[in-house]
Structure formats: structure tokens, C-alpha cells
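Here is the structure we will look at, set down as C-alpha cells.
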Amino acid sequence: MGYKVVIVGATGNVGREMLNILAEREFPVDEIAALASRRSLGTEVSFGDRTLKTQDLATFDFTGWDMALFAIGSDATKEYAPKAAGAGCVVIDNSSLYRYDPDVPLVVPEVNADAVLGYTKKNIIANPNCSTAQMVVALKPLHDRARIKRVVVSTYQSVSGAGKEGMDELWDQTKAVYNPVSDVPPSKFTKQIAFNVIPHIDVFMEDGSTKEEWKMVAETKKILDPKIKLTATCVRVPVFVGHSEALNIEFEEFLDEDEARDLLREAPGIMVIDKREDGGYITPVECVGDFATYISRIRQDSTLDNGLNLWCVSDNLRKGAALNAVQIAEVLGQKALKKG
Ligand SMILES: NC(=O)c1ccc[n+]([C@@H]2O[C@H](COP(=O)([O-])OP(=O)(O)OC[C@H]3O[C@@H](n4cnc5c(N)ncnc54)[C@H](OP(=O)(O)O)[C@@H]3O)[C@@H](O)[C@H]2O)c1
């Protein structure tokens, strides 16, 4: 006995990965529906060896379906997630719409799997921002051992975090640099992204930070520990897939770099690649298509009594979105919607 699963946004970057990962992890699926906007009606998407034809979200009836994995923008989610949840289908949402709602659990299974059980209030579970997901996987084992006081994080975020239009813009601008007859002005991004970096993701807040930076603060508190202080600078870089983060972590207790490396090696969802030699660390192109959050460059921060630095890289479309959503579906199946 398997589940009746709906993928909402099946033609997008995250939706396609959700279909791949459900098949790769052999999630028990009895029936599957791929939905997108009316524009994509009949578009074919792959699910393992099968090809699915995309249906129109606007006319789909969620009655009788077990779970719906949503990967569309917040506006469309606002319209359709309550319809699915109201029809008895549990929504696992990738947008930011419900992340800060006290009645909706925000879950990274390696960190707070039990929180899934809070889904019953609204029949909705939220997936965090891509930058937060990989970071809290890395922080959790260190926090359990030495209690984190403060984190300073700088991100290097790939263009796929801005959807398929973001990837097209980097591709088209890069080609235009070599073939200057065609000009590709910024559209999805605020400045040229090809051969450039942009210290601005999402809208500006009143205090001068950006919404992406605020999300990392608020989501870390909700998922890991409200007492952790965090400050972030989020930067878009001309990489197609894979987010990187430089983390500076201050602890209440001393944590030796070798012990930290051992703790991270043992922790779920993490791969440590940390040799102090040329190439002995991970870069985003090497993490594409993987499930793991990779950690490199683990070292003591000699300017703090109890401080460490590390480098954290993961496939933002996987751990940052689709994989995390499928892991939540797996936990939901194990803890609540048992079959068979
Ligand atoms: N990319 C990441 O790293 C990442 C990480 C975490 C969370 N997220 C979130 O996941 C969601 C999807 O991101 P993405 O990167 O996959 O975007 P994307 O590549 O631009 O895909 C968007 C998907 O949403 C569908 N869609 C848009 N408006 C719709 C509507 N009114 N009705 C039905 N379907 C609609 C699109 O269908 P059509 O093809 O028919 O237009 C497409 O399937 C966003 O909320 C994003 O913030 C993304």
C-alpha cells in the first residue's frame, strides 16, 4: 500500500527534482499527479521510467489524495494550498508563505523531525529557505555538543534559487558577453549576474538587511533554537546549482576542531571533505545531484575563545527544497499517515 501524491509546480526546477527524488528514494507511490499552470497543460515530465502529462492546478480536485508537495510561488500557494489542505490532503510547501505561522511546523528532518506531528492544525507543513536548510543540518550536531551562541554567515547562492528564469538569465547573459550583438539586460536579478556577484536577494527590510537574510535568522530560531543569534549576508553568484556558505560560529563551550570534524562526520545528512591541501574541499559543481550537505575548511577561530569557521555546500534544489520536502513526506508516512 502506497500513497496518492500530488506534485504542484511539476514543470519547475524544484518540482522536477521532487519527481526525481521520489523515484530515486523509492517512495511508496500508488498514484501520482503532476500539476502546473494552465500554460503547461499536457507538458510531459519524468517520474522514474514513466512520463506524466501535466494537469492544470486550477481545476484539480485534491479530494482523496494523501499529500501534495507544493513548489510554486507564494501568491499561487495562498490560493491553492488551503484548498488542498481543506480537502484532507496534507500540504508540504516550499514557498515562504507558511514558514513563520505558529500553527505550521517548519521542518528539516535531520534537526526537528518530530515537529512534523504539528501538521494537524492546518494540514500544512513548511519547508525552509534553501540557505537555512543546509546550514541547520551543519549546525545541529555542533549545537547539541557545545551550545551555539552566535553565527555569522555569508552565502554564495546559485541562480537556480531564483527559479528557471534565473538560470536562463545567467545563461543568456554569459553568451551575450561573448556575442555582444545581443544585449541581455537584468530582469530576474537587479544587476548583471554573468561574471558578477550581487549582494541582494529578495526585498530590502527597514533595518537595511534583505528578506533572504531575515529568513535565515527567523527560520534558524524556529527550527533549531530561538536563543541562537545569527547575522547573515546573502549574495547571488554566477553558479547554476549549489549554494555555498562561510560560517563563523561562537559556542558557549570550547569545541576542538578535530572533535567538531568527528561530530560532523557522524551526523545524518552530512559528508565531510576536509583535507588541508589543494582541492581538499568541496565546491558547488561537485555537489549537484547529491543528497548530502558537504562540510569543508573546519578550523578554530583564534579571535574567539570558543569559535569555529567552516564551509558548507549543498545542492539547493535538493537539500534546499525537493529532498527536504520528500524527507518530510517520508517522516509523515512513518509517524502519522501509516499505510499497509
Ligand atoms: N529553487 C530553490 O532553490 C528553492 C528553494 C526553496 C524554496 N523554493 C521555492 O519553491 C517554489 C518553486 O521554485 P522553483 O525554483 O521551482 O520555481 P520555477 O522553476 O520558476 O517553477 C515554478 C513552478 O510553479 C508553477 N506555477 C507558477 N505559477 C503557477 C500558478 N498560478 N498555478 C500553477 N502553477 C504555477 C510553474 O508552472 P508553469 O511552468 O506552468 O509556469 C512551475 O511549475 C518557490 O516558492 C520558491 O520560492 C525554491
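Both counts, for ligands and for their atoms, begin at 1 and track the order of listing. Each residue takes its place number in the sequence, starting with 1. Keep in mind the model is a prediction, meaning the values are calculated, not measured.
Partner of I228 under the side chain to side chain contact (heavy atoms under 4.5 Å, CB included) criterion, out of K221, H143, K149: H143 alone.
Ring pair F204/H200 is tilted by interplanar angle, where 30° to 60° counts as tilted.
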Polar pairs, ligand 1 vs protein, N/O only, below 3.5 Å.
residue: ligand 1; atom: 1 (N); partner: S160; partner atom: O; Å: 3.0
residue: ligand 1; atom: 3 (O); partner: N316; partner atom: ND2; Å: 3.1
residue: ligand 1; atom: 16 (O); partner: N13; partner atom: N; Å: 3.3
residue: ligand 1; atom: 16 (O); partner: V14; partner atom: N; Å: 2.9
residue: ligand 1; atom: 19 (O); partner: N13; partner atom: N; Å: 2.9
residue: ligand 1; atom: 19 (O); partner: K164; partner atom: N; Å: 3.1
residue: ligand 1; atom: 34 (N); partner: S37; partner atom: N; Å: 3.2
residue: ligand 1; atom: 37 (O); partner: T11; partner atom: OG1; Å: 3.3
residue: ligand 1; atom: 39 (O); partner: T11; partner atom: OG1; Å: 2.5
residue: ligand 1; atom: 39 (O); partner: S40; partner atom: OG; Å: 3.2
residue: ligand 1; atom: 39 (O); partner: K164; partner atom: NZ; Å: 2.9
residue: ligand 1; atom: 40 (O); partner: S37; partner atom: N; Å: 3.2
residue: ligand 1; atom: 40 (O); partner: S37; partner atom: OG; Å: 2.6
residue: ligand 1; atom: 40 (O); partner: S40; partner atom: OG; Å: 2.4
residue: ligand 1; atom: 41 (O); partner: R39; partner atom: NE; Å: 3.4
residue: ligand 1; atom: 41 (O); partner: R39; partner atom: NH2; Å: 2.7
residue: ligand 1; atom: 43 (O); partner: G9; partner atom: O; Å: 3.2
residue: ligand 1; atom: 43 (O); partner: T11; partner atom: N; Å: 3.4
residue: ligand 1; atom: 43 (O); partner: T11; partner atom: OG1; Å: 2.7
residue: ligand 1; atom: 43 (O); partner: G12; partner atom: N; Å: 3.1
residue: ligand 1; atom: 45 (O); partner: I72; partner atom: O; Å: 2.7

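With sequence neighbours excluded, the residues forming a side-chain hydrogen bond (donor to acceptor under 3.5 Å, both in side chains) with E24 are R318, listed by chain and number.
Not less than 6.0 angstrom separates the ring centroid of Y80 from the ring centroid of F60.
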- Is there a side chain to side chain donor-acceptor pair (under 3.5 Å) between N309 and D301 once you walk through the steps? CA-CA 6 Å; N309 288 308; D301 174 359; 4.6 Å; no

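For K78 and D75, the salt-bridge test fails: no basic side-chain N is under 4.0 Å from an acidic carboxylate O.
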